[in-house]
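Every chain is numbered from 1, with letters handed out A, B, ... down the list of sequences.
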There are 2 protein chains.
Amino acid sequence: MPAPPSAPRQRRKDARPAELLAAALDVFVEKGFAATRMDEIAQRAGVSKGTVFLYYESKQALFRAVVQEAVVPHLAAGEALAEAADSDPAQLLRELLRRYWQVLGDARLAGIPKLVMAEAGNFPEVAAFYHENVVERGRALFIAVLERGIQAGVFRPCNPLVICHLAIAPLMFSCMWRQTLACCDDRQIDPEIFVQTHLDMFMRGLLAVPAGGRNVE
Amino acid sequence: MPAPPSAPRQRRKDARPAELLAAALDVFVEKGFAATRMDEIAQRAGVSKGTVFLYYESKQALFRAVVQEAVVPHLAAGEALAEAADSDPAQLLRELLRRYWQVLGDARLAGIPKLVMAEAGNFPEVAAFYHENVVERGRALFIAVLERGIQAGVFRPCNPLVICHLAIAPLMFSCMWRQTLACCDDRQIDPEIFVQTHLDMFMRGLLAVPAGGRNVE
DNA sequence: AAATAATAACTAACCGGTCAGTAATTATCG
DNA sequence: CGATAATTACTGACCGGTTAGTTATTATTT
């Protein structure tokens with residue numbers, strides 16, 4: 001998209017923000033927050049470093065914009081699904097987890113939560129922004145569904161926050177593994193089997209009346 | 001341990017390595033690999049930066065030494081336990097997971113896997129070292145127990161590698177959460193309840209003949 | 001007086017952010 | 001319409017600050 005690298009100097013005010021965000025997402029995910037150089041984002045967007053600061057006032061502002069554009073829409077989609085579907089809470093929960101898994105399947109998006117967890121300590125403002133705009137909202141979604149299910153007697157009584165984290169943990173872990181240590185590994189894990197096994201075991205543990213005994217794996 | 005900060009110049013060849021490792025562990029865990037400054041490690045060990053390079057030839061070498069000293073012994077302990085106990089595989093697995101959890105409970109040690117996952121992309125040699133010396137060895141331990149249990153008919157038939165990751169994921173996730181986003185969170189999760197819930201749900205899913213239905217949470 | 005543990009000053013490289021200047025575009029006027 | 005003036009998107013050299021690793025020097029021990 002960033003016009004052929006040969007083109008000398010172009011004025012394309014309208015196209016820049018999107019192109020910069022795309023380049024930034026790539027580099028942030030590839031290198032992490034601290035190790036990302038504004039220079040490299042600029043280069044990939046076919047622009048000089050100064051130009052980046054014309055559109056985003058700082059590295060952090062740029063990162064916030066990336067999260068807004070790349071992550072937040074997925075939350076909205078999840079919320080829409082949860083409100084629309086009046087179906088069985090168990091079905092809904094499964095579906096939400098599957099979609100979450102799909103989003104994490106895109107390596108570019110999977111890199112974002114990894115980055116935030118990796119650098120929260122050194123960049124607390126980044127962590128706070130992500131927590132407020134992504135974590136809180138995402139959890140609220142799952143917790144609402146869990147509470148609905150408990151109320152309806154479909155799920156066993158439990159602490160929804162704990163269960164929410166337990167549902168998500170393996171998905172997150174698998175996605176982080178893939179990005180970090182999987183490459184050192186000769187024993188590859190099939191992600192499909194992994195998530196299927198998790199969902200089966202998890203739902204069996206959560207449901208008040210477990211469905212018939214499909215075997216583990 | 002690093003002799004009073006007032007003392008001018010001391011020659012303590014024997015004590016330095018341990019003091020440097022202790023300081024290095026603290027700073028690495030606090031800041032991550034890239035963001036750790038050799039200067040700060042030196043300062044905390046009560047020594048000048050040059051001295052650090054007298055004992056460890058590079059930042060990476062120092063980190064490797066930290067892993068060797070702080071992490072590897074715990075693996076050895078786990079292996080000893082697994083070999084000694086001829087008990088019920090279910091009991092043994094529970095015990096191993098509990099110990100793993102205990103180790104991760106020490107904030108200093110919990111920081112190590114977090115660091116490795118966070119920076120594996122930018123420092124592949126570090127990741128490779130960790131994978132070879134910690135991951136492979138730890139997994140072998142759990143997988144052996146799982147296979148023993150399946151053989152004995154105590155566990156359902158399953159893919160031990162997948163189950164191994166599913167057992168560990170929530171422990172890891174919880175430990176990373178505590179270090180990163182927990183501070184932004186008003187809704188605290190009690191780690192004890194979290195791990196207890198996980199172990200119950202997990203074992204219920206794994207056992208061929210599930211033990212009587214303790215409630216979730 | 002060696003030998004050596006420890007220091008501190010130094011090097012070279014890196015990077016976020018700035019800004020004076022340049023070139024592409026648009027507006028104005030003859 | 002063609003020339004030129006005004007505007008503004010864009011550039012890239014530069015600054016201040018940082019840091020892994022080196023080395024010449026100093027202090028301590030034996």
Side-chain angles (χ1 to χ4, degrees), chain A residues 1-21 23-24 27-28 30-66 115 119 121-126, chain B residues 1-21 23-24 26-28 30-66 115 119 122-126:
Chain A
M1 188 188 292
S6 56
R9 176 186 279 218
Q10 304 189 48
R11 293 159 64 97
R12 294 172 43 245
K13 189 183 164 79
D14 297 341
R16 297 299 188 205
E19 293 179 8
L20 285 169
L21 287 181
V27 185
F28 276 133
E30 202 170 298
K31 300 278 178 33
F33 185 79
T36 284
R37 287 170 296 115
M38 295 300 269
D39 229 347
E40 184 166 357
I41 293 176
Q43 220 171 333
R44 291 209 203 178
V47 124
S48 76
K49 188 171 65 161
T51 301
V52 183
F53 287 94
L54 239 47
Y55 290 91
Y56 301 95
E57 72 169 347
S58 70
K59 203 182 188 183
Q60 290 204 12
L62 177 55
F63 180 73
R64 285 194 298 268
V66 166
L115 178 153
E119 322 215 38
N122 292 327
F123 301 93
E125 320 83 2
V126 170
Chain B
M1 189 189 294
S6 56
R9 178 183 281 220
Q10 303 190 48
R11 294 161 64 99
R12 296 173 41 243
K13 191 182 165 81
D14 298 340
R16 297 303 187 201
E19 294 178 7
L20 285 170
L21 287 182
D26 282 346
V27 185
F28 277 133
E30 201 170 300
K31 300 276 179 31
F33 184 79
T36 284
R37 287 171 296 113
M38 296 298 271
D39 227 347
E40 184 166 355
I41 294 175
Q43 220 171 332
R44 291 209 203 177
V47 124
S48 75
K49 188 172 65 161
T51 301
V52 182
F53 287 95
L54 232 52
Y55 290 91
Y56 300 96
E57 72 169 349
S58 69
K59 202 181 186 183
Q60 290 204 13
L62 177 54
F63 181 74
R64 286 194 298 269
V66 166
L115 178 153
E119 322 216 37
N122 293 327
F123 302 94
E125 320 82 0
V126 170

Asker: I'd like to know if A/Lys49 reaches the base of C/dG16 with its side chain such that a donor and an acceptor end up less than 3.5 angstrom apart.
Answerer: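 Present.
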Asker: Which whole-number value in Å describes the distance from A/Arg11 CZ to C/dT22 P?
Answerer: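 A/Arg11 atom CZ is separated from C/dT22 atom P by 16 Å.
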Asker: Rounded to the nearest Å, what distance is computed from the CG atom of residue B/Asn122 to the C1' atom of nucleotide C/dC14?
Answerer: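 Result: 15 Å.
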Asker: In whole angstrom, give the distance that lies between atom NZ of B/Lys59 and atom P of D/dT19.
Answerer: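 Going from B/Lys59 (NZ) to D/dT19 (P), I get 9 Å.
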Asker: Out of curiosity, B/Leu115 CG to B/Thr36 OG1, how far, rounded to the nearest 0.5 Å?
Answerer: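 The OG1 atom of B/Thr36 is 7.0 Å from CG of B/Leu115, to the nearest 0.5 Å.
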Asker: Looking at D/dC10, I'd like to know if its phosphate oxygens (OP1 or OP2) sit under 4.0 Å from a side-chain N or O belonging to A/Arg12.
Answerer: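 For D/dC10, neither OP1 nor OP2 has a side-chain N or O of A/Arg12 closer than 4.0 Å.
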Asker: Check the distance between D/dA27's C1' and B/Lys13's NZ and give it to me in whole angstrom.
Answerer: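 Checked: the NZ to C1' distance equals 16 Å.
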Asker: Identify the two heavy atoms, one from B/Ala65 and one from B/Tyr56, that lie closest to each other, and give their separation to 0.1 Å.
Answerer: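 In this case the closest contact between B/Ala65 and B/Tyr56 is CB-CE2, 3.7 Å.
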Asker: Just one of A/Lys49, A/Lys31, A/Lys59 clears the salt bridge (Lys or Arg N to Asp or Glu O under 4.0 Å) bar with A/Glu40, so which one?
Answerer: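 Among A/Lys49, A/Lys31, A/Lys59, the one meeting salt bridge (Lys or Arg N to Asp or Glu O under 4.0 Å) with A/Glu40 is A/Lys31.
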Asker: Is B/Tyr56 near enough to D/dG21 that one of its side-chain N or O atoms lies under 4.0 angstrom from OP1 or OP2?
Answerer: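 Looking at the OP1 and OP2 atoms of D/dG21, neither is under 4.0 Å from any side-chain N or O of B/Tyr56.
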Asker: Among C/dG16, D/dC10, C/dT7, which is the nearest nucleotide to the side chain of A/Phe53?
Answerer: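 Nearest listed nucleotide: C/dG16.
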Asker: Step by step, work out the side-chain contact (heavy atoms from CB on, under 4.5 Å) result for B/Arg44 and B/Asp26.
Answerer: CA-CA 9 Å; B/Arg44 291 209 203 177; B/Asp26 282 346; 3.8 Å; yes
Asker: Strictly below 4.0 Å, heavy-atom distances to any atom of DNA chain C: list the hits from residues 33-42 of chain A, or just say none.
Answerer: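 Heavy-atom cutoff 4.0 Å gives A/Thr36, A/Arg37, A/Met38.
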Asker: Look at atom CD of A/Gln43 and say whether more than 12 heavy atoms of other residues, nucleotides or ligands are closer to it than 6.0 Å.
Answerer: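 No.
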Asker: The side chain of B/Ser58 lies closest to which of these nucleotides: D/dG21, D/dA9, D/dT11?
Answerer: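 Between D/dG21, D/dA9, D/dT11, the one nearest the side chain of B/Ser58 would be D/dG21.
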Asker: Please walk me through it: do B/Glu119 and B/Val126 pass side-chain contact (heavy atoms from CB on, under 4.5 Å)?
Answerer: CA-CA 8 Å; B/Glu119 322 216 37; B/Val126 170; over 6 Å; no
Asker: Over how many whole Å does the gap from B/Phe63 atom CZ to D/dA20 atom P extend?
Answerer: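 Roughly 15 Å, once rounded to whole Å.
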Asker: Given atom CD of B/Gln43 and atom P of C/dA6, what is their separation to the nearest angstrom?
Answerer: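 After rounding, the gap between these two atoms is 17 Å.
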Asker: Quickly work out the B/Asp14 CG to C/dT4 P distance and round it to whole Å.
Answerer: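 Atom CG in B/Asp14 sits about 15 Å away from atom P in C/dT4.
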Asker: Could I get the full list of ring pair (Phe, Tyr, Trp, His ring centres under 6.0 Å) partners for B/Phe33, not counting sequence neighbours?
Answerer: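 Residues passing ring pair (Phe, Tyr, Trp, His ring centres under 6.0 Å) with B/Phe33: B/Phe28, B/Phe63, B/Phe123.
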Asker: Would you say B/Ser48 reaches C/dA6's phosphate, i.e. side-chain N/O to OP1/OP2 under 4.0 Å?
Answerer: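 It does not, given that no N or O in the side chain of B/Ser48 lies less than 4.0 Å from OP1 or OP2 of C/dA6.
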Asker: Is any side-chain nitrogen or oxygen of A/Tyr55 closer than 4.0 Å to OP1 or OP2 of D/dC10?
Answerer: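 Answer yes for this pair, as a side-chain N or O of A/Tyr55 is under 4.0 Å from OP1 or OP2.
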Asker: Return the value, rounded to whole Å, for the distance between atom CG of B/Leu54 and atom C1' of C/dT7.
Answerer: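 Roughly 10 Å, once rounded to whole Å.
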